[in-house]
There are 2 protein chains.
Amino acid sequence: MNHIKEYRKAKKMSQYELSQAIGVARQTINLIENDKYNPSLSLCLKLAHVLGTDLNALFWEEDNED
Amino acid sequence: MNHIKEYRKAKKMSQYELSQAIGVARQTINLIENDKYNPSLSLCLKLAHVLGTDLNALFWEEDNED
DNA sequence: CTCCAATGTCATTTATATATGACTAATACT
DNA sequence: AGTATTAGTCATATATAAATGACATTGGAG
């Protein structure tokens with residue numbers, strides 16, 4: 001799971017607005033928020049910048065490896 | 001630019017060893033280290049785990065606004 | 001120097017991220 | 001009640017990440 005939706009809501013943006021700000025399709029945002037697939041690094045970087053945060057805040061889970 | 005090569009060298013791993021540890025082809029590691037393309041988030045996460053670091057350390061550049 | 005491991009690179013193929021258009025289901029507002 | 005906006009989802013098409021096999025180059029060790 002990622003935290004895109006939380007950060008997007010905090011910015012009071014719709015999926016459409018976020019998609020336009022980044023330059024991707026609305027469906028792409030929707031699929032990523034719902035973990036339907038696996039965005040590219042460059043898209044992750046754009047998301048982090050537009051949402052005013054960083055990669056770890058959006059995508060990093062400190063997991064235990066067992 | 002990313003910092004994969006530095007972290008890989010710090011672990012004294014070859015591109016091949018890193019690729020095997022992650023489960024991708026050696027060429028994939030090579031291309032990513034040389035910024036030839038744009039890895040997926042899941043691959044970035046695996047890299048960070050195997051290299052004992054996190055997403056920001058490997059891929060985040062804090063751009064200053066001046 | 002030779003030998004070998006590590007790296008860079010190329011061409012081809014396969015898997016999948018992303019785009020596009022459409023439709024439905026909520027949610028919000030009058 | 002309605003209408004508009006937002007969000008979830010589907011099917012199809014395209015771009016590109018990643019796999020594979022091969023070959024050339026570099027760098028280090030003997």
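Chain letters run A, B, ... following the sequence lines, proteins first and then strands; every chain starts at 1.
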Practice task
Can you measure from NZ (B:K5) to CG (B:N30) and round to the nearest 0.5 angstrom?
Solution key: 7.5 Å

Completion exercise
Rounding to 0.5 Å, atoms CG (A:L47) and CZ (A:F59) come to a distance of 5.0 Å

Problem - Value in whole Å for how far the P atom of D:dG27 lies from CD of B:Q15 - result: 14 Å

Could you give the side-chain donor-acceptor pairs of residues 37-46 of chain A under 3.5 Å, partners two or more places apart or in another chain?
| residue | atom | partner | partner atom | Å |
| --- | --- | --- | --- | --- |
| A:N38 | OD1 | B:L41 | N | 3.4 |
| A:N38 | OD1 | B:S42 | N | 3.0 |
| A:N38 | ND2 | B:S42 | OG | 2.8 |
| A:S40 | OG | A:S42 | OG | 3.4 |
| A:S40 | OG | A:L43 | N | 3.3 |
| A:S42 | OG | B:N38 | ND2 | 2.9 |

Practice task
Please confirm whether any donor atom in the side chain of A:R26 sits under 3.5 Å from an acceptor in the base of C:dG21, or the reverse.
Solution key: no

Exercise for the section: Would you mind reading off the distance between B:I29 atom CD1 and D:dT20 atom P, rounded to a whole angstrom? Expected result: 14 Å

Handout entry: Short side-chain N/O contact from A:K5 to OP1 or OP2 of D:dG8, under 4.0 Å
Key = yes

Handout entry: Length of the NZ-C1' vector between A:K12 and C:dA28, whole Å
Key = 15 Å

Practice task
Could you check B:Y16 against A:G23 and say which one's nearest nucleotide on DNA chain C is further toward the 5' end?
Solution key: B:Y16

Problem - Whole-Å distance separating the CG atom of A:N38 from the P atom of C:dT18 - result: 8 Å

Problem - From CD (B:E61) to CG (B:N2), nearest 0.5 Å - result: 8.5 Å

Handout entry: Side-chain N,O (B:S14) to OP1/OP2 (C:dA5) below 4.0 Å
Key = no

Practice task
Considering just the side-chain nitrogens and oxygens of A:N30, establish if one lies under 4.0 Å of OP1 or OP2 belonging to D:dG8.
Solution key: yes

Practice task
May I ask you to verify if any side-chain N or O of A:T28 is less than 4.0 angstrom from the OP1 or OP2 atom of C:dA19?
Solution key: yes

Exercise for the section: Between B:E17 and A:I32, just flag the one whose closest nucleotide in DNA chain C comes earlier from the 5' side. Expected result: B:E17

Practice task
On DNA chain D, check which nucleotide each of A:N34 and B:Q27 is closest to and give me the residue with the more 5' one.
Solution key: A:N34

Handout entry: Whole-Å distance separating the OH atom of A:Y37 from the P atom of D:dT16
Key = 14 Å

Practice task
Round to a whole Å and report the spacing from CG of A:L31 to P of C:dT20.
Solution key: 14 Å

Handout entry: Length of the CD1-P vector between B:I22 and D:dA18, whole Å
Key = 11 Å

Problem - Distance, rounded to the nearest Å, where A:D35 contributes CG and D:dT9 contributes C1' - result: 16 Å

Handout entry: Side chain proximity check, B:R26 to B:Q20, heavy atoms < 4.5 angstrom
Key = no

Practice task
Under 4.0 Å between any heavy atoms, over every strand shown, what does A:L43 touch: base, sugar-phosphate, or nothing? Just pick one.
Solution key: sugar-phosphate

